[in-house]
*Asks:* 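Have a look at this one.
Since the structure is predicted, the reported quantities are computational estimates derived from the model, not experimental observations. Every heavy atom of this structure was used, including side-chain atoms; hydrogens, water molecules and symmetry mates were not. We count ligands from 1, going down the list as the structure has it; atoms in each ligand are counted the same way.
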Amino acid sequence: MLGFDIIATVPEIFDGFRTASLLGKAVEKNIIALRVHDLRDFATDKHHMIDDRPYGGGPGMVLKPEPLFLAIEAVRRPDIPSRLVVTAPRGKRFTQARAGEIAAWNESSPETQLILVCGRYEGIDERVMEHFRPEEISIGDYVINGGEVACMVIVEAVARLVRGFMGNEESALDESFTRDKLEYPHYTRPAEFRGHAVPDVLVSGHHAEIEIWRRNRSGAARK
Ligand code: SAM
């Protein structure tokens, strides 16, 4: 089982995420585990401070090293293979291939752990990176308020590739970015809606022709 351990400054962002839809079902069925840890619980002073002003001056605040060190050390399980990810705009761009690589790594052991650290404010004290040498992952070339949403992206993309998550494992093989392709267009009933008809070939029942149509309508994945 793949256990996601998320260290967050705003843990309540995950409230619905953890329990809803396919992810919630996968948690219920023990296909994955999803634990959210409040960074503030690891603060070392009486005011539960997790951030402080940056050395050298400048705007904004920086997440302090002490709570992050304590949180990572408390959460990390030494008895199973574990990986540590820090979300950061400067990190390596997250891709379907990376999601697949993490899901495949999970297969190497009956139990694995992916620890995800959510940054906030100006970011994280660099000594966390110096000490733990995490994988730094970016979800794209833009800046969002905190790592929580970035973690959700990573969790969803990886979890749905974990065996048993989707029920039908073939859906994952056919999806966009899996074979350097973007998936073909989909239609469902009714066959005609407000003057827009479903392509004839899809209602023909001719599987070989449907396959050819789908192949032709699949685009090349963006590089
Ligand atoms: N000062 C940082 C910079 O310019 O690179 C941006 C900090 S951002 C406001 C706060 C946190 O959100 C980051 O530490 C990171 O955890 C998360 N974050 C923002 N954009 C992200 C992205 N594109 N990918 C992954 N995480 C991101």
Side-chain angles (χ1 to χ4, degrees), residues 2-18 23 32 34-45 47-76 82-103 105-106 113-162 176-177 221-223:
L2 174 53
F4 295 94
D5 279 282
I6 299 170
I7 299 171
T9 61
V10 193
E12 56 271 31
I13 291 180
F14 293 95
D15 285 353
F17 180 75
R18 276 193 307 188
L23 209 68
I32 58 164
L34 191 51
R35 296 171 286 260
V36 182
H37 310 272
D38 188 344
L39 184 61
R40 237 166 266 279
D41 291 343
F42 299 91
T44 49
D45 69 315
H47 301 296
H48 295 284
M49 291 273 292
I50 52 168
D51 58 318
D52 209 337
R53 283 169 295 148
Y55 273 116
M61 302 294 269
V62 175
L63 286 178
K64 287 162 68 62
E66 306 95 311
L68 282 163
F69 270 60
L70 290 176
I72 293 166
E73 285 162 357
V75 160
R76 186 179 253 168
S82 91
R83 284 165 78 154
L84 176 64
V85 167
V86 166
T87 50
R90 76 177 186 193
K92 192 151 183 224
R93 180 96 60 87
F94 190 59
T95 60
Q96 186 71 13
R98 184 80 178 270
E101 180 272 314
I102 298 172
W105 163 80
N106 166 58
Q113 181 187 37
L114 189 66
I115 304 170
L116 295 151
V117 177
C118 309
R120 196 152 275 269
Y121 315 123
E122 288 307 316
I124 291 175
D125 188 292
E126 191 62 22
R127 285 165 291 189
V128 172
M129 271 58 79
E130 282 169 19
H131 186 80
F132 293 103
R133 302 257 165 238
E135 303 170 50
E136 289 184 78
I137 292 185
S138 162
I139 57 162
D141 291 349
Y142 41 80
V143 175
I144 55 177
N145 288 338
E148 284 80 0
V149 170
C151 283
M152 287 184 191
V153 169
I154 296 167
V155 168
E156 284 227 350
V158 172
R160 66 202 307 283
L161 299 179
V162 169
S176 295
F177 307 112
R222 292 176 291 274
K223 290 287 172 200

*Asks:* Under 4.0 Å between a Lys/Arg side-chain N and an Asp/Glu carboxylate O for R76 and D5?
*Replies:*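 So R76 does not pair with D5 through a salt bridge.
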*Asks:* By number and element, which atoms of ligand 1 are closer than 4.0 Å to a non-hydrogen atom of V143?
*Replies:*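 This gives 6 (C), 8 (S), 9 (C), 20 (N) as the contact atoms.
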*Asks:* With a 4.5 Å heavy-atom cut-off, do N145 and R120 have their side chains touching?
*Replies:* yes
*Asks:* Does the ring center of F42 lie less than 6.0 Å from the ring center of F69?
*Replies:* no
*Asks:* Taking E126 first and then R90, would you say they form a salt bridge - that is, a charged N and a carboxylate O separated by under 4.0 Å?
*Replies:* yes
*Asks:* What part of R90, side chain from CB on, backbone N/CA/C/O, both or neither, has a heavy atom under 4.0 Å from ligand 1?
*Replies:* neither
*Asks:* Heavy-atom distances under 4.0 Å are what count here, so tell me which part of N145 touches ligand 1: side chain, backbone, both or neither.
*Replies:* backbone
*Asks:* How does I137 reach ligand 1, by side chain, by backbone, by both or by neither, if only non-hydrogen atoms under 4.0 Å count?
*Replies:* backbone
*Asks:* Under 4.5 Å between any side-chain heavy atoms of Q96 and L161, yes or no?
*Replies:* yes
*Asks:* Give me the nearest non-hydrogen protein atom to atom 23 (N) of ligand 1 as residue plus atom name, then the distance to 0.1 Å.
*Replies:* Y142 O, 2.8 Å
*Asks:* Can you pull out the closest protein heavy atom to atom 24 (N) of ligand 1? Residue, atom name and distance to 0.1 Å, please.
*Replies:*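 Looking only at protein heavy atoms, the one closest to atom 24 (N) of ligand 1 is I139 N, 3.0 Å.
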*Asks:* Please check if the side chain of E122 supplies one atom and the backbone of P54 the other of a donor-acceptor pair under 3.5 Å.
*Replies:* no
*Asks:* Would you say that V158 contacts N106 through its side chain, given a criterion of any heavy-atom pair below 4.5 Å between the two side chains?
*Replies:*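 Sidechains of N106 and V158: no contact.
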*Asks:* Heavy-atom contact under 4.0 Å between Y121 and ligand 1?
*Replies:*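 Contact check Y121 vs ligand 1: positive.
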*Asks:* Who's the nearest protein heavy-atom neighbour of atom 26 (N) of ligand 1, and how far?
*Replies:* A88 N, 3.4 Å
*Asks:* Polar-atom distance check: I124 versus ligand 1, any N or O pair below 3.5 Å?
*Replies:* no
*Asks:* So if I count the atoms of ligand 1 from 1 in the order they appear, which ones are less than 4.0 Å from some heavy atom of G123?
*Replies:* 14 (O)
*Asks:* Suppose I only count heavy atoms of E122 and a 4.0 Å limit; which atoms of ligand 1 are within that range?
*Replies:* 1 (N), 2 (C), 7 (C)
*Asks:* How far is atom 3 (C) of ligand 1 from the closest protein heavy atom, and which atom is that?
*Replies:*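 Result: P89 CG, 4.2 Å.
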*Asks:* For A150, which part has a heavy atom under 4.0 Å from ligand 1: side chain, backbone, both, or neither?
*Replies:*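 It is the side chain that touches ligand 1; the backbone stays farther off.
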*Asks:* Assess whether atom CZ of R160 is packed by more than 12 heavy atoms of other residues, nucleotides or ligands within 6.0 Å.
*Replies:*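 Open.
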*Asks:* For V117, does its backbone N or O pair with a side-chain atom of T87 as donor and acceptor, under 3.5 Å?
*Replies:*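 A pair under 3.5 Å: yes.
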*Asks:* Identify, for atom 8 (S) of ligand 1, the protein heavy atom at the shortest distance, and state residue, atom and that distance.
*Replies:* I144 O, 3.3 Å
*Asks:* Please check if a non-hydrogen protein atom sits closer than 4.0 Å to atom 16 (O) of ligand 1.
*Replies:*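 For atom 16 (O) of ligand 1 the answer is yes, since some protein heavy atom falls inside 4.0 Å.
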*Asks:* For the pair E101 and K92, find out whether any cationic side-chain nitrogen is under 4.0 Å from an anionic carboxylate oxygen.
*Replies:* no
*Asks:* Closer than 4.0 Å to some heavy atom of G147 - which atoms of ligand 1 meet that?
*Replies:* 12 (O), 16 (O), 17 (C)
